[in-house]
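Accompanying notes for the structure given below.
Counting starts at 1 for both ligands and their atoms, following the listed order. One-based numbering along the sequence shown.
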Amino acid sequence: MPITTSSVRTSQQRSARLERAIERQPGAFRILTGDRPTGALHVGHYFGTLQNRVRLQNAGVELFVLVADYQAITDRPGSAALRRHVMDLVADYLAVGIDPGKAVIFAHSQVPALNQLMLPFLSLVSVAELRRNPTVKDEAAAAGLAGMTALMFTYPVHQAADILSCHANLVPVGKDQLPHLELTRVIARRFNERYSPGQPYFPEPEALLSAAPLLVGLDGRKMGKSFNNSVRIRATADETAALVARAKTDSERVISYEPDRRPGVAGLLLMAALCRDQSPQQVAEEIGGRGAAALKTAVTDAINQRFADIRTRRAELAADPGYLSSVLAAGNEKAAATAGQTLADVAELMHNRY
Ligand code: TRP
């Protein structure tokens, strides 16, 4: 089951319908979404997902935000940096406007009941199904045969536990996550059929595909936390200028938005455009024949202006690690209560009560 254009299109159409349903009745939705703690988030994350989470939170949707710390060890050894990366994520979340008074921010390693759900869920899927997951296949290929851990192979089942432990019915995702969400739906359906026939216990969560275009990295590759080709949300104005100055462009004087022919220039135009709520064509016209150097100045200014307030907040938060820990502890506790109830219900439905 590769991620086909048609399955993406179907999800896009369904996402448009969901957006209208959310507008009518935000309280009917509970979102679970999250990130692997592998480094501080960058502006691509901001426009790709963080902004959207804040929008949905403020529209009245219930929001659970997960720090997927166990997922961070699917393809790398646990490291001394893990705690720092977890706290970086929490600081990024709060700085961009995720409100700990409304949203639940938690780390899944801290919620035993969530992890215990993985065991019955593993009984509901076959090895052949897991082997077909195209996203895991890609990650496994990148890790090499010797690097393919059993956790990497089964993490989509763990992700189903993340989502179903809190009965989330909406999961904002990028395309690469669609296979995981499909598996979550399969697990929910099979659990319901097997253990709760006639009265479905788990919702079959829907994917909400982000409408935001994917930002390319400053080197023309996919923007990634581990590629060192992105501007972090928390970067200073000077760091931003230095990073953008390094970006790959070309020597044509007249700046134009042609993603296929001029990917480097197009990536920069898109970044400035998103920061200024304009179209990339508008930004290109404004730069005109002033060349790549003028474009880079414009991009730097656009990022620095757009993120100025967020960065100030981010710095204040980083200076108060006790506060960050307390936010996470409170979220862990709420997530544990929710997952604990789910696990108790599951045990009851599975006749695991003695
Ligand atoms: N797999 C996601 C990523 O790599 C992170 C994640 C873990 C997640 N569990 C989730 C996302 C549940 C949505 C729902 O970014």
Give yes or no for whether the N/O distance cutoff of 3.5 Å, strictly under, is met between T33 and ligand 1. no

Is any side-chain N of the basic residue among R234 and E239 closer than 4.0 Å to the acidic one's carboxylate O? no

Nearest heavy atom to atom 2 (C) of ligand 1, choosing from H180, R36, Q177, belongs to Q177

Under 4.0 Å between a Lys/Arg side-chain N and an Asp/Glu carboxylate O for E139 and R76? no

For A68, counting its heavy atoms only, list the atoms of ligand 1 lying under 4.0 Å from any of them. 7 (C)

Check ligand 1 against D162 and write out every atom of the ligand that is under 4.0 Å from a heavy-atom position of the residue. 7 (C), 9 (N), 10 (C)

What about D35: any of its N or O atoms under 3.5 Å from an N or O on ligand 1? no

I'd like to know if the side chain of Q177 pairs up with that of Q159 as donor and acceptor (distance under 3.5 Å, no hydrogens or angles considered). yes

Under a 4.0 angstrom heavy-atom cut-off, which atoms of ligand 1 come close to V171? 13 (C), 14 (C)

Where does the angle between the aromatic ring planes of F191 and Y201 fall among parallel (under 30°), tilted (30 to 60°) and perpendicular (over 60°)? tilted

Which of the atoms in ligand 1, numbered in the order shown and given with their element, are less than 4.0 Å from a heavy-atom of L66? 7 (C), 9 (N), 10 (C)

Looking only at protein heavy atoms, which one is nearest to atom 15 (O) of ligand 1, and what is the separation? G34 O, 4.1 Å

min-distance protein heavy atom vs atom 5 (C) of ligand 1 -> Q71 OE1, 3.5 Å

Do Y155 and Y70 make the cut of ring centroids closer than 6.0 angstrom? no

Any salt bridge linking R30 with E206? Criterion: basic side-chain nitrogen under 4.0 Å from a carboxylate oxygen. no

So is there a nitrogen or oxygen of Q159 less than 3.5 Å from a nitrogen or oxygen in ligand 1? yes

Proximal ligand 1 atoms for L32, defined as those under 4.0 Å from one of its heavy atoms: 12 (C), 14 (C)

Residues E252, R261: salt bridge by 4.0 Å N-O rule: yes

Salt bridge check, D88 against R314: does any charged N sit closer than 4.0 Å to a carboxylate O? yes

